[in-house]
Q: 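Okay, here's the structure, questions in a sec.
We name chains A, B, ... by the order of the sequence lines, and we start the count at 1 in each one.
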2 protein chains.
Amino acid sequence: MTQANSAPAKRNTPQKAAVKHALGEATGFVSAQQLHQTLKKHGSTIGLATVYRTLADLAQAGEADSLQSKDAEVLYRACTTSHHHHLICRKCGLTLEIEAQNLEKWADQVATEHGFSQPSHNIDIFGVCAGCR
Amino acid sequence: MTQANSAPAKRNTPQKAAVKHALGEATGFVSAQQLHQTLKKHGSTIGLATVYRTLADLAQAGEADSLQSKDAEVLYRACTTSHHHHLICRKCGLTLEIEAQNLEKWADQVATEHGFSQPSHNIDIFGVCAGCR
DNA sequence: CTCTTATTGACAAAGATTCTCAATAAGACA
DNA sequence: TGTCTTATTGAGAATCTTTGTCAATAAGAG
Ligand SMILES: [Zn+2]
Ligand SMILES: [Zn+2]
Ligand SMILES: [Zn+2]
Ligand SMILES: [Zn+2]
């Protein structure tokens with residue numbers, strides 16, 4: 001008698017911990033490739049596929065935020081689990097988390113006003129930080 | 001005596017017109033690949049690279065807006081040249097243009113408040129339209 | 001009509017991400 | 001602690017989007 005269909009049990013591995021840690025060290029958004037390079041530079045022998053898999057899991061679990069960069073690659077960042085948005089430096093990648101209650105309300109309102117349900121949104125602000133000028 | 005360095009003169013070609021027209025026909029955001037398929041289905045022998053090139057030009061000229069889809073591909077849409085944002089149906093892709101002066105102000109304010117210059121932003125709202133429910 | 005050269009299309013090439021699969025090791029249990 | 005099941009890993013292949021290359025074509029000026 002096998003269990004009907006429950007999610008496979010997750011396991012804790014040094015690789016996952018390493019990715020999580022490296023992501024935490026980053027000051028802003030980084031790509032899977034960058035993270036892989038960094039990890040290898042620090043002596044890790046982790047595989048690229050594993051970095052991709054782990055990042056995808058973290059994003060799914062809400063422990064990381066992701067966004068698409070200009071050159072078609074996905075960038076990740078360790079984040080608080082509460083809903084928020086980002087202010088990102090175009091030059092150095094420095095990232096600040098920002099919140100705006102009004103904004104959340106506005107977005108949902110716009111959606112429902114036009115007959116759209118299950119509203120969600122993507123809001124990111126870019127600029128050049130003080131240090132980069 | 002050759003001209004110092006002016007932009008090469010643009011030429012009007014049936015291919016560009018076709019892409020522009022096909023983009024106008026679409027009800028929402030479409031990818032270069034989709035557009036290429038559509039064009040071929042209508043008998044055109046246009047090359048994929050040309051579709052990419054034309055879309056990039058349109059986006060540059062402000063005649064089309066672009067956004068990154070979930071699966072790492074760029075989507076385009078024919079748009080008005082004035083600054084605006086989008087409300088997009090997750091199912092059928094139906095897209096509405098929306099404006100919000102307050103929002104523009106808010107975004108720039110947040111940036112300057114934190115010492116960021118040359119502010120810009122990405123704001124998109126998603127949902128499921130009435131027709132898809 | 002002629003000539004210059006921007007543009008095109010077929011194909012190669014680059015990058016990012018995912019898939020495949022045999023080998024490894026986490027975690028449960030005796 | 002030792003054994004066993006199977007989630008996870010890493011290396012490379014495969015896939016997919018996008019860009020680059022280049023000879024052939026054709027837009028537009030004269
Ligand atoms: Zn900066
Ligand atoms: Zn929000
Ligand atoms: Zn819809
Ligand atoms: Zn705006």
Q: State the NE2-NZ distance between B:His36 and B:Lys40, to the nearest 0.5 angstrom.
A: 5.0 Å

Q: Using a cut-off of under 3.5 Å, enumerate the N/O to N/O pairs linking the protein to nucleotides 14-19 of chain C.
A:
unit_1 : atom_1 : unit_2  : atom_2 : d
C:dT17 : OP1    : A:Val74 : N      : 2.7
C:dT17 : OP2    : A:Tyr52 : OH     : 2.4
C:dT17 : O5'    : A:Tyr52 : OH     : 3.4

Q: Taking only residues two or more places apart in sequence, or in another chain, which ones meet A:Ala49 in a side-chain contact (heavy atoms from CB on, under 4.5 Å)?
A: A:Arg53

Q: Test of understanding: with side-chain contact (heavy atoms from CB on, under 4.5 Å), list the residues that count as partners of A:Asp71, not counting sequence neighbours.
A: A:Ser69, A:Glu73

Q: Using 0.5 Å steps for rounding, measure from the CD atom of A:Glu99 to the OG1 atom of A:Thr80.
A: 7.0 Å

Q: What is the distance, rounded to the nearest whole Å, between atom CZ of B:Phe29 and atom C1' of D:dT17?
A: 18 Å

Q: Under the rule for side-chain hydrogen bond (donor to acceptor under 3.5 Å, both in side chains), what residues qualify as partners of B:His83, not counting sequence neighbours?
A: B:His85, B:Glu104, B:His121

Q: Select from B:Ala9 and B:Thr50 the residue whose nearest nucleotide in DNA chain C is closer to the 5' end of that strand.
A: B:Ala9

Q: Within this structure, what is the CG-to-P distance between B:Leu55 and D:dT17, rounded to whole angstrom?
A: 14 Å

Q: Determine, for nucleotides 24-30 of chain C in 5'-to-3' order, which nucleotides have protein heavy atoms under 4.0 Å from the base (write B), from only the sugar-phosphate (write S), or from neither (write -).
A: -BBS---

Q: With a 4.0 Å cutoff (strictly under), does any side-chain N or O of A:Gln15 reach OP1 or OP2 of D:dG10?
A: yes

Q: Report the distance from atom CD1 of B:Ile46 to atom C1' of C:dC11, rounded to the nearest whole Å.
A: 17 Å

Q: Nearest-Å distance, CG (B:Asp57) to C1' (C:dT8)?
A: 13 Å

Q: Does A:Gln101, at its CD atom, have more than 12 non-hydrogen atoms belonging to other residues, nucleotides or ligands within less than 6.0 Å?
A: no

Q: Does B:Arg90 use its side chain to pair, donor to acceptor, with the backbone of A:Gln118 at less than 3.5 Å?
A: yes

Q: Can you list everything that forms a salt bridge (charged side-chain N to carboxylate O under 4.0 Å, His left out) with B:Lys16? Sequence neighbours excluded, please.
A: none

